[in-house]
Number of protein chains: 2
Amino acid sequence: MPSQHSKSGDPARSLSLLWRTREPAGRRRGGPGLTIDRIVAAATELADSEGITALSMRRVADALGVGTMSLYTYVPGKGELLDLMVDAAYGDLDTDDRSGTWRERLRRIAFADRELYVRHPWMLQVVTLRLLGPHLIAKYDHELSAVDGLGLSDVEMDSTVNLVNGYVESTVRKTLGAEQVARESGMDDEQWWRTYEPPLTALADDARFPIASRVGTAVGRAHRSVYDPDHEFSFGLERVLDGVQALVDSRACASD
Amino acid sequence: MPSQHSKSGDPARSLSLLWRTREPAGRRRGGPGLTIDRIVAAATELADSEGITALSMRRVADALGVGTMSLYTYVPGKGELLDLMVDAAYGDLDTDDRSGTWRERLRRIAFADRELYVRHPWMLQVVTLRLLGPHLIAKYDHELSAVDGLGLSDVEMDSTVNLVNGYVESTVRKTLGAEQVARESGMDDEQWWRTYEPPLTALADDARFPIASRVGTAVGRAHRSVYDPDHEFSFGLERVLDGVQALVDSRACASD
DNA sequence: ACACTGACCCGTACGCCCTACGGACCCGGA
DNA sequence: TCCGGGTCCGTAGGGCGTACGGGTCAGTGT
């Protein structure tokens, strides 16, 4: 159960698939009428409902009522299929709304991204090379527009949106990891903590790791009682935005 | 080539392995003399040199000159082996140095983490549940100590170190993704950019994605000329630390 | 001296995976 | 009518993780 790399053999082929630079094919009369979009949709549904590890070419083909090898007429391999799934998923994001201050806009973008990843957890497990598909570019453009005209250089703008994206991804990844433990071990967060805290604190005694013990306990208690994931997410996000704020302020001063 | 989850069946078993809560076994005389540590070391070497996808129980056993199934005497399964590898790798980090300001310390921690992930890229591809092994706890304690006594609450301290860790991970993940493209496509960064920028800009015309075009071009040019990964990393890190700074300042004011 | 026990080691086999290859089928156009 | 080419897919080959059961031998109790 290690990780997935999406070697996706030929980048050129992947790009032409992503941008649909192939005519939509002849369409036979009687057959199931496979298309790239139907394949991507079926694969996405499968990955959403059963997890990325359940996603196999066989299962996708079965879901479509089609032989496994038929998929290879439309998609060079599994890697390229994953690339297509990722870009298609990014297509669900709203990339039009440009209202509000830069801070409000980045905040909205972060929450929307987070929701997308929660809906499609497999996106964060696919170590895709993030091949530039149309929807990913649209997302990038939309994010950049939020920090355009603030006095930042182009490279700084890129860094800024990467910063926010990275924060969202790492946060969701952690949450999903915890949920995975819960699901696979069959106990919820609270049960898990109650079962493994005692032996753990016995091993990692307070003397050796005093601060970790104290903070770990406090965090555990917070999780058990008033824990609010949204609040936790917001808190970190505001720290990130404060960092951006400092940058924006310094550039504004410099240009005055 | 999707992703790896480390289902690692029984958390209790994993924990006892991580904390070595089993006597070191009888050790037979003539045999190869397998141990958990030798297995973890061989697996780590393999993952370092050939990537996580090349890591299989068979290959690890071969590297040790041992039958595949012999590994299962020491390790319940591949998932648990990955857990052990991750915690062992964290053991390479220095968790003693406590000199300097909180900002200097977080900076040093971030750079050390980054270097560790670059040396063991597979760590970021293993979607491990981050089971609390001894070395991970030591790392956590060391990180918390950098922000202890600044007026932050325990939960805030946890958020803060998660924030820095998340930044490092997402940055390295992105870098490694790019390197993977380079390796697999056989061309270096510059070649890749030169090959795929023209068709890409043709597809994603400036009119549809004006800001992405402009910024993408600028970033590409920067990469080709004066690009300094360390500088890029530092830049974002300082933004994160600025965010932490704002938090620390606000808490200091509140308590005064 | 000898049998027993238990840890260590591993060959075999099952069921899954991705996909190369080549054949069957059928449509539209010449 | 014939044929080229797109669509569909059965078969097979080489991986993988690991369940199962049996072989081997150091140390122990007698």
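A, B, ... follow the sequence lines: proteins, then strands. Residue 1 opens every chain.
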**Message:** Output the rounded distance in Å from CG (B/Leu64) to P (C/dC8).
**Reply:** 15 Å
**Item:** Electrostatic pair A/Arg173-B/Glu169, nearest N-O below 4.0 angstrom
**Value:** no
**Asked** What is the distance, rounded to the nearest whole Å, between atom CE of B/Met57 and atom P of C/dA13?
**Response** 21 Å
**Request:** Round to the nearest Å and state the distance from A/Ile36 atom CD1 to D/dT7 atom P.
**Result:** 11 Å
**Message:** Whether the side chain of B/Arg58 and the base of D/dG15 hold a donor-acceptor pair under 3.5 Å is what I'd like checked.
**Reply:** no
**Asked** Relative to the ring of A/Phe233, is the ring of A/Tyr167 parallel (under 30°), tilted (30 to 60°) or perpendicular (over 60°)?
**Response** parallel
**Request:** In whole angstrom, give the distance that lies between atom CG of A/Leu81 and atom C1' of C/dC17.
**Result:** 15 Å
**Message:** Nearest to the B/Leu34 side chain among C/dT19, C/dC9, C/dC10, which nucleotide is it?
**Reply:** C/dC9
**Prompt:** Between B/Lys139 and B/Asp113, is the closest basic N to carboxylate O distance under 4.0 Å?
**Reply:** yes
**Minimum-distance nucleotide to B/Ser56 side chain [options: D/dT18, D/dC16, D/dT7]** = D/dC16
**Message:** Strictly below 4.0 Å: does A/Tyr74 bring a side-chain N or O up to OP1 or OP2 of D/dC8?
**Reply:** yes
**Prompt:** Rounded to whole angstrom units, what separation is found between the CG atom of B/Asp62 and the P atom of C/dG11?
**Reply:** 11 Å
**Request:** Look at B/Arg114 together with B/Asp230 and state whether they make a salt bridge at an N to O cut-off of under 4.0 Å.
**Result:** yes
**Message:** For a quick test of reading the model: is some side-chain N or O of B/Ser70 closer than 4.0 Å to OP1 or OP2 of C/dC8?
**Reply:** no
**Closest to the B/Met69 side chain, choosing from D/dG17, C/dG11, C/dC18** = C/dG11
**Request:** Would you mind reading off the distance between B/Arg38 atom CZ and C/dC8 atom P, rounded to a whole angstrom?
**Result:** 14 Å
**Message:** Distance check needed: D/dG15 P versus A/Lys78 NZ, whole Å only.
**Reply:** 18 Å
**Prompt:** Over how many whole Å does the gap from B/Tyr72 atom OH to D/dA19 atom P extend?
**Reply:** 7 Å
**Asked** Are any non-hydrogen side-chain atoms of A/Val40 and A/Leu81 less than 4.5 angstrom apart?
**Response** yes
**Request:** Taking only the side-chain heavy atoms of B/Val66 (C-beta and beyond), determine which of C/dC18, C/dC10, D/dC8 contains the nearest atom.
**Result:** C/dC10
